[in-house]
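We count ligands from 1, going down the list as the structure has it; atoms in each ligand are counted the same way. None of these values were measured; they are calculated from a predicted model.
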Amino acid sequence: MGQVTVRLDDLPLRDDLRGKKPYGAPQAPLPIALNVNENTHPVPQEVADDILDSIALALRDVNRYPDREFTALREGFADYLGHGLTREQIWAANGSNEVLQHVLQAFAGPGRTAFGFTPTYSMYPLLTRGTGATWIAGERGADFSVDASSAASQVADAAPDVVFLCAPNNPTGTPMGLDVIEAVYDATLGIVVVDEAYQEFAPRDERSALTLLPGRERLVVSRTMSKAFAFAGARVGYLAADPALVDALRLVRLPYHLSSLTQAAAGAALRHAPTMLRMVDEIVDQRDRISATLEALGYVAYESWTNFVLFGGVDNPARTWQELYDRGVLIRDVGIPHHLRVSAGTEQETTAFLDALASIDSAA
Ligand SMILES: *Cc1c(COP(=O)(O)O)cnc(C)c1O
């Protein structure tokens, strides 16, 4: 019993899923884990206490289905985002991954296409294929930037049903100008999703794509509580868009997809947004320290508006990754030749990474 009796290939799996690999960032119990861009600072105690109280309250009614419209939580997100947004313009789900899946289920699916400029977030193609749609990979410049005219012509040529613009981009950390977003929007009749998972780590005076929403009913701006809010384990993502677009997502979501416990926890965390975001400046300092030190060690660090740094000039990424691993430090080999990616941790974690890297002679 418990033995393997059948292999995946023997099951009547969908043809379009045969040979595909699941999302697979390694989860290894190393002392220093800087591989999936988490916020490595724990939730502050006073917020944790309030979250627990809110969950306890929700637990009394857990025999009932939750508010299917998560009304209070949507109001909380509208308040947090500002820009005059109202709850009718807000959607949320179990991580922004599920939010993006809802967008694809409603606007992509079999016979349709989704597009993104690679290298970009590795979940976009997986989510796209999962809904039965086809992924189209666009291109970036040598420094991983995309300019407005190249972006617009690539999108016009591909004529996709959904475009993903990761801004700032994962895994490169690089920013994307609002002019690029405007140009892409004008170049397509499809849905344009701006994934602002890392927006809180961008320079404070930079405008969010939220400012482009008025008058653009096919534009979606998605966010997550997983990164700046230190809430990855709770699985909460959200988006802002036209109320009609939000209505479309109701057609594909599972009923009661956000549990009452999740709603309670996220709502409480949002009420403490300034405290939850207190660590952002500290993380940005560590990120900039990583970039400066990498350059001093002879690597090439890309401009980052996120909580991580992509660096090039790595002779043999698999070997450097392993040597760091052997020193108790987990970072990410994102599959870009001669590059590795590291998340900014606490000051102590960041120092451990930088010291370990300095002890390895691996710059090309
Ligand atoms: C981490 C990340 C997300 C967040 O996903 P969740 O499902 O909310 O945890 C979304 N988009 C990008 C580009 C990311 O890097």
*asked:* Between ligand 1 and Met123, can you find any atom pair, the residue atom being a heavy atom, that is separated by under 4.0 Å?
replied: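 Heavy atoms of Met123 never come under 4.0 Å of ligand 1.
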
*For Ala232 and ligand 1, answer yes if some heavy atom of the residue is under 4.0 Å from a ligand atom, otherwise no.*
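It does not; every heavy atom stays at 4.0 Å or beyond.
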
[X]: numbered ligand 1 atoms lying under 4.0 Å from its heavy atoms:
| X | result |
| --- | --- |
| Arg235 | 6 (P), 7 (O), 9 (O) |
| Cys166 | 13 (C) |
| Tyr198 | 1 (C), 14 (C), 15 (O) |
| Gly95 | 6 (P), 7 (O), 8 (O) |

_Identity and separation of the nearest protein heavy atom to atom 1 (C) of ligand 1_ =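 Nearest protein contact, heavy atoms only, for atom 1 (C) of ligand 1 is Lys227 NZ, 1.3 Å.
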
*asked:* Can you report which non-hydrogen protein atom sits closest to atom 9 (O) of ligand 1, along with the distance?
replied: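 Checked against all protein heavy atoms, atom 9 (O) of ligand 1 sits closest to Ser226 OG, 2.6 Å.
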
Between [X] and [Y], is there a side-chain N and carboxylate O pair less than 4.0 Å apart?
| X | Y | result |
| --- | --- | --- |
| Arg74 | Asp67 | no |
| Arg253 | Glu69 | yes |
| Glu182 | Arg216 | yes |
| Asp9 | Arg7 | no |

_ligand 1 contact on Asp195 by region, counting heavy-atom pairs under 4.0 Å_ =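 The side chain, only.
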
*Does Met225 approach ligand 1 within less than 4.0 angstrom via side chain, backbone, both or neither, non-hydrogen atoms only?*
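Neither; nothing of Met225 gets under 4.0 Å from ligand 1.
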
Does the plane of the ring in [X] sit parallel, tilted or perpendicular to the ring in [Y]? Use 30° and 60° as the thresholds.
| X | Y | value |
| --- | --- | --- |
| Phe70 | His257 | perpendicular |
| Tyr299 | Phe311 | perpendicular |
| Phe115 | Phe117 | perpendicular |

*Purely on distance, is any nitrogen or oxygen of Tyr124 under 3.5 Å from one on ligand 1?*
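No: no nitrogen or oxygen of Tyr124 is under 3.5 Å from one in ligand 1.
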
_Under 3.5 Å between any N/O of Ser96 and any N/O of ligand 1: does that happen in this structure?_
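N/O-N/O distance below 3.5 Å exists for this pair.
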
*When rounded to the nearest 0.5 angstrom, what distance separates CG in Leu34 from CD1 in Ile290?*
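Between Leu34 CG and Ile290 CD1, I get 7.0 Å after rounding to 0.5 Å.
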
